[in-house]
Amino acid sequence: MSISRIGVVGAGTMGQGIAQVLITSHHQVTLYDVSDDALAKAKEKIGKGLTRLVDKDKLSAGDRESALEHLSLTTSLDSLSDRDVIIEAAPEDPALKEKLFSELSQLNAEAILASNTSSLSLTRLAAVCERPERVVGMHFFNPVPVLGLVEVIRAEQTSDATVASIEQLTEALGKTPVAIADSPGFAVNRLLVPMINEAAFLVQEGAASPEAIDEAMQLGAAHPMGPLKLADLIGLDVCLAIMEVLQEGFGDPKYRPCPLLKRMVAAGYLGRKSGRGFHLYD
């Protein structure tokens, strides 16, 4: 399958990053969001991201302008009717994602529908679509322009051809596709987020401060970033949502979300994006 025209649904942090790597790889991208303001902010941040690449001599000024010409913005889902692939990067809300996939499959039955979900069932999303064999997981990691992994998740219904097309697209973006079964949390988050949750328990119990935990894991386990700084980067609301999916999916008490994590999310302390999480940010 020749892939050149791609839609991205959701202009948040992940949608911005996905759109940026797509346009720098010469794909024609239509970025959709319900909010004009969100789209304007996304275009500004993508422009700044490309400027940083120019400043680091990783992109020429001409290529920056060419990349931006490959980006269009829309608040109309109908604008995605001609896309070869549509990558959904909406919030981790199962009802919202199912609604989007149902609408997209009716709008464009020929497109591959790929979800950037970090933990939700692809089989469940495929079940609401006209052509479930064309539904697949394409899980990027934040920050998308920097991190090289894409988890490619096969739903029960996903065809071999769909997986092959998404693996080919992933490699065209200079990233590495890793095949993962459709299991709660997939691979990385099933390992990573429970570690973050356990670090939150350490803070709750007064065993160590967030600063001490992060320093200990950097120096003692050679992690480039401590688990609580990473949680703040991911977003504590996202971490909590993943723990809840793991708890529901496996029914195992070891996946019980830390009460401190739940309280912080309820208070709006979401990490970098809110200015306060386990650490404070300007």
Side-chain angles (χ1 to χ4, degrees), residues 12-14 16-18 20-21 49 52-53 56 58 89 92 116-119 137-153 170 173-181 183-247 249-250 252 254-265 269-282:
T13 299
M14 295 304 294
Q16 294 164 20
I18 293 167
Q20 180 177 320
V21 299
R52 283 194 293 272
L53 293 178
K56 294 177 181 179
K58 294 182 177 180
E92 287 288 276
N116 182 58
T117 179
S118 56
S119 59
M138 194 177 188
H139 182 211
F140 293 83
F141 290 80
N142 185 34
V144 177
V146 176
L147 298 183
L149 172 66
V150 175
E151 288 182 319
V152 178
I153 300 98
T170 300
L173 302 179
K175 299 191 180 296
T176 301
V178 175
I180 306 292
S183 177
F186 313 132
V188 172
N189 282 336
R190 183 171 170 183
L191 293 167
L192 176 65
V193 181
M195 179 185 69
I196 289 171
N197 193 57
E198 194 62 27
F201 270 114
L202 284 173
V203 176
Q204 177 178 284
E205 295 162 7
S209 69
E211 293 78 12
I213 292 167
D214 284 339
E215 184 176 25
M217 290 302 290
Q218 284 183 272
L219 298 178
H223 287 199
M225 178 184 293
L228 297 177
K229 283 186 179 178
L230 181 56
D232 284 350
L233 178 62
I234 295 169
L236 302 193
D237 53 336
V238 176
C239 293
L240 175 59
I242 293 170
M243 287 305 302
E244 290 173 340
V245 167
L246 292 173
Q247 184 182 40
F250 292 111
D252 192 320
K254 72 180 181 181
Y255 296 116
R256 177 173 69 97
C258 176
L260 173 61
L261 181 62
K262 295 172 76 172
R263 292 198 302 272
M264 292 178 72
V265 171
Y269 303 154
L270 307 182
R272 286 180 179 268
K273 59 188 173 185
S274 69
R276 177 176 178 177
F278 286 100
H279 303 279
L280 298 176
Y281 302 90
D282 293 332

* Side chain to side chain, Met264 and Val203, heavy atoms closer than 4.5 Å -> no

* To do: Apply the test side-chain contact (heavy atoms from CB on, under 4.5 Å) to residues Lys175 and Val144: give CA-CA distance (whole Å), side-chain angles for both, the deciding distance (0.1 Å), then the verdict.
  => CA-CA 10 Å; Lys175 299 191 180 296; Val144 177; 4.2 Å; yes

* Asked: Does Ile213 reach the side chain of Pro227, with side-chain heavy atoms less than 4.5 Å apart?
  -> yes

* Would you say Lys273 and Thr13 make side-chain contact, with heavy atoms under 4.5 Å? -> no

* Taking atom CG of Asp214 and atom NE2 of His279, what is their separation to the nearest 0.5 Å? -> 4.0 Å

* **Whether over 12 other heavy atoms sit under 6.0 Å from Lys262 NZ** => no

* Asked: Side chains of Val178 and Val152: does their closest heavy-atom pair fall under 4.5 Å?
  -> no

* Do you know which two heavy atoms are closest between Gln218 and Pro224, and how far apart they sit? -> NE2-O, 3.2 Å

* More than 12 heavy atoms of other residues, nucleotides or ligands under 6.0 Å from CD of Gln204: is that the case? -> yes

* Might you work through the side-chain contact (heavy atoms from CB on, under 4.5 Å) test for Ile234 and Leu192, ending with a clear yes or no? => CA-CA 11 Å; Ile234 295 169; Leu192 176 65; 4.3 Å; yes

* To do: Would you mind reporting whether Pro257 and Glu244 have side-chain heavy atoms less than 4.5 Å apart?
  => yes

* Asked: What heavy-atom pair brings Gly277 and Asp232 nearest, and what distance separates the two atoms?
  -> CA-OD1, 3.4 Å

* To do: For the residue pair His139 and Phe141, categorise the inter-ring angle as parallel (less than 30°), tilted (30 to 60°) or perpendicular (more than 60°).
  => tilted

* Can you tell me how far the CD1 atom of Ile242 sits from the CD atom of Glu92, to the nearest 0.5 Å? -> 6.5 Å

* **Euclidean distance, Lys229 NZ relative to Tyr281 OH, rounded to 0.5 Å** => 7.5 Å

* To do: Starting at CG of Leu261, measure out to CE of Met243 and round the result to the nearest 0.5 Å.
  => 8.5 Å

* Start with the C-alpha gap between Leu270 and Val265, add the side-chain angles, then the distance that decides, and say whether side-chain contact (heavy atoms from CB on, under 4.5 Å) holds. => CA-CA 6 Å; Leu270 307 182; Val265 171; 4.2 Å; yes

* Taking all atoms of both residues into account, what is the closest heavy-atom pair of Glu151 and Ala187, and its distance? -> OE2-N, 3.2 Å

* To do: Considering non-hydrogen atoms only, spot the tightest contact between Ala200 and Phe278 and give its length.
  => CB-CZ, 3.8 Å

* Asked: Rounded to the nearest 0.5 Å, how far apart are CZ of Arg52 and CD of Gln20?
  -> 7.5 Å

* To do: Determine the minimum heavy-atom distance between Asn197 and Cys258, stating which atoms define it.
  => OD1-N, 2.8 Å

* Structure fact -> Correct closest heavy-atom pair for Phe186 and Ala181 would be CD2-O, 4.0 Å

* To do: Report the C-alpha distance between His223 and Leu230 in whole Å, list the side-chain angles of each, state the deciding distance to 0.1 Å, and finish with yes or no for side-chain contact (heavy atoms from CB on, under 4.5 Å).
  => CA-CA 10 Å; His223 287 199; Leu230 181 56; over 6 Å; no

